[in-house]
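Comments concern the structure below.
Below, all heavy atoms of this structure are taken into account, side chains as well, without hydrogens, waters or symmetry copies.
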Amino acid sequence: MIKDDLAEMILKSILVDDEAKSRANLRELLKEYCPAVEIVGEAGSATEALKIIGQQAPDLLFLDIEMGVESGFDLLRSLNGNQIFEVIFVTAFDRYGIQAVKACAIDYLLKPINILELCAAVEKAAKQILPKRDNKRLQELIANIDRADDEQRIALPLADKIEFIAVSKIIRLEAEGNYTHIYLDGAKKYLICKTLKEYQELLEGYNFLRTHQSHLVNFRKISSYVKTEGGYLAMEDGSQVPISRQKREEILKRILK
């Protein structure tokens, strides 16, 4: 199960090295051999890296040690131990091994980079990151127990993160094969790799109605029931949701209750 989860993981990563050529080489190796790594930023100094970390909230940092005035260790010290990402040190000098271990790095790679060692380091990082993501889901589940119905939230597994949204903000859900489109207030939309049936089970008890084989709606977001053209529901976002013949009587009873 963990291997399957790791295969689907995307690791938001930042490359920190004062040599542009070294960053380019690492970038190409990661692109070719570590498809789970998504590079969301590059920095040539600790100061620049600190800014990008604040903007991107990465999962993983590939960090050089000697970078002119500031070192990779200086960068970590400036975070006061509050970093939530994992670190893989990448350096041309082998004398920093013990310090890297003390800094709780996931791994320590020497330049020129060995491809097998790089892949092993990324897999090791992924195994550390996955429980953190699952723990966040668990924390959200526990928090939900004490929330009122209209404050409940669900986790959406996106490519690069898990996003938590309030159930009350969902207008409707629409199936597309094994995927589900989720439409929210504010014209937000997500495409999630889960079936509509899974979401129907998840949202039972929160005023959601299955109106059609391909549609699930938030009852509180219905604007009107239109009788013409076989009958459909007009939603708050202006969309029109069809009602199947089999569901029409059930929906009307619910609306007229």
Side-chain angles (χ1 to χ4, degrees), residues 5-136 157-164:
D5 288 339
L6 291 178
E8 296 175 1
M9 282 184 76
I10 298 295
L11 305 175
K12 288 176 64 177
S13 304
I14 295 174
L15 311 186
V16 186
D17 194 314
D18 62 336
E19 296 181 3
K21 189 181 288 187
S22 293
R23 295 199 307 271
N25 177 59
L26 179 54
R27 188 192 318 125
E28 290 304 310
L29 290 177
L30 290 168
K31 183 179 178 182
E32 185 169 356
Y33 299 103
C34 304
V37 173
E38 179 190 6
I39 299 169
V40 296
E42 296 186 22
S45 69
T47 301
E48 188 182 352
L50 197 60
K51 183 178 179 182
I52 298 173
I53 289 167
Q55 293 170 340
Q56 295 292 342
D59 299 305
L60 181 59
L61 209 65
F62 291 89
L63 181 60
D64 189 15
I65 295 178
E66 288 197 355
M67 296 186 294
V69 178
E70 299 172 297
S71 72
F73 296 124
D74 290 329
L75 171 60
L76 297 183
R77 277 192 288 269
S78 69
L79 294 165
N80 297 316
N82 293 323
Q83 69 265 24
I84 58 172
F85 49 81
E86 299 297 337
V87 176
I88 296 175
F89 280 115
V90 184
T91 180
F93 307 98
D94 61 6
R95 63 179 179 270
Y96 291 112
I98 297 299
Q99 284 177 273
V101 170
K102 287 182 178 178
C104 297
I106 276 289
D107 218 327
Y108 173 80
L109 302 176
L110 283 174
K111 301 175 185 176
I113 296 170
N114 179 289
I115 294 167
L116 292 178
E117 290 179 358
L118 174 64
C119 294
V122 169
E123 185 175 352
K124 196 188 298 184
K127 286 178 179 177
Q128 289 293 321
I129 292 163
L130 181 61
K132 292 181 183 179
R133 291 185 179 177
D134 287 342
N135 185 51
K136 189 176 179 185
L158 307 180
D160 62 343
K161 61 183 175 180
I162 297 170
E163 186 146 337
F164 295 93

Return the set of residues passing side chain to side chain donor-acceptor pair (under 3.5 Å) with K124 (not counting sequence neighbours), or none when no residue passes.
D107
Quick one: side chain to side chain donor-acceptor pair (under 3.5 Å) partners of D64, sequence neighbours excluded?
none
Once side-chain contact (heavy atoms from CB on, under 4.5 Å) is applied, do any residues pair with N114, and if so which ones, sequence neighbours excluded?
L116, E117
Is F85 close to L61 at the side-chain level, that is, under 4.5 Å between some pair of heavy atoms?
yes
I'd like to check Y33 versus L118 (side-chain heavy atoms, cut-off strictly below 4.5 Å). Are they in contact?
no
Member of L30, L26, V37, D59 meeting the side chain to side chain contact (heavy atoms under 4.5 Å, CB included) criterion with S13
V37
Close side-chain approach of L110 and F89, heavy atoms under 4.5 Å:
no
V16 versus F62: any side-chain heavy-atom pair under 4.5 Å?
no
For L11 and A126, which heavy atoms make the closest approach, and how far apart are they?
CD1-CB, 4.1 Å
Do the side chains of T47 and E70 get nearer than 4.5 Å, heavy atoms only?
yes
Using the test side-chain contact (heavy atoms from CB on, under 4.5 Å), find all partners of E42 that sit at least two apart in sequence or belong to another chain.
L15, R23, R27, I39
Got a donor-acceptor contact below 3.5 angstrom from the K12 side chain to the E38 backbone?
no
Side chain to side chain donor-acceptor pair (under 3.5 Å) partners of E19, counting only residues at least two apart
S22
S78 vs L50 side-chain heavy atoms within contact, under 4.5 Å
yes
From CD (E86) to CG (L63), nearest 0.5 Å
13.0 Å
Specify the closest pair of heavy atoms between G68 and D18, including all atoms of both residues, with the distance to one decimal.
N-OD2, 3.9 Å
What one should report as the nearest heavy-atom pair of C34 and V122 is SG-CG2, 3.9 Å
Residues that S71 engages under side chain to side chain donor-acceptor pair (under 3.5 Å), provided they are two or more places apart:
D74
Residues L60 and A125: closest non-hydrogen pair is CD1-CB, 3.8 Å
Exercise: identify the closest heavy-atom pair between I14 and Q56:
CD1-CB, 4.4 Å
Report yes or no: does E32 contribute a side-chain atom to a donor-acceptor pair with the main-chain N or O of E28 at less than 3.5 Å?
no
Would you give the length of the straight line joining atom CD1 of I88 to atom CD1 of I113, rounded to the nearest 0.5 angstrom?
9.5 Å
Calculate, to the nearest 0.5 Å, the distance between atoms CG and OG belonging to D17 and S45 respectively.
11.0 Å
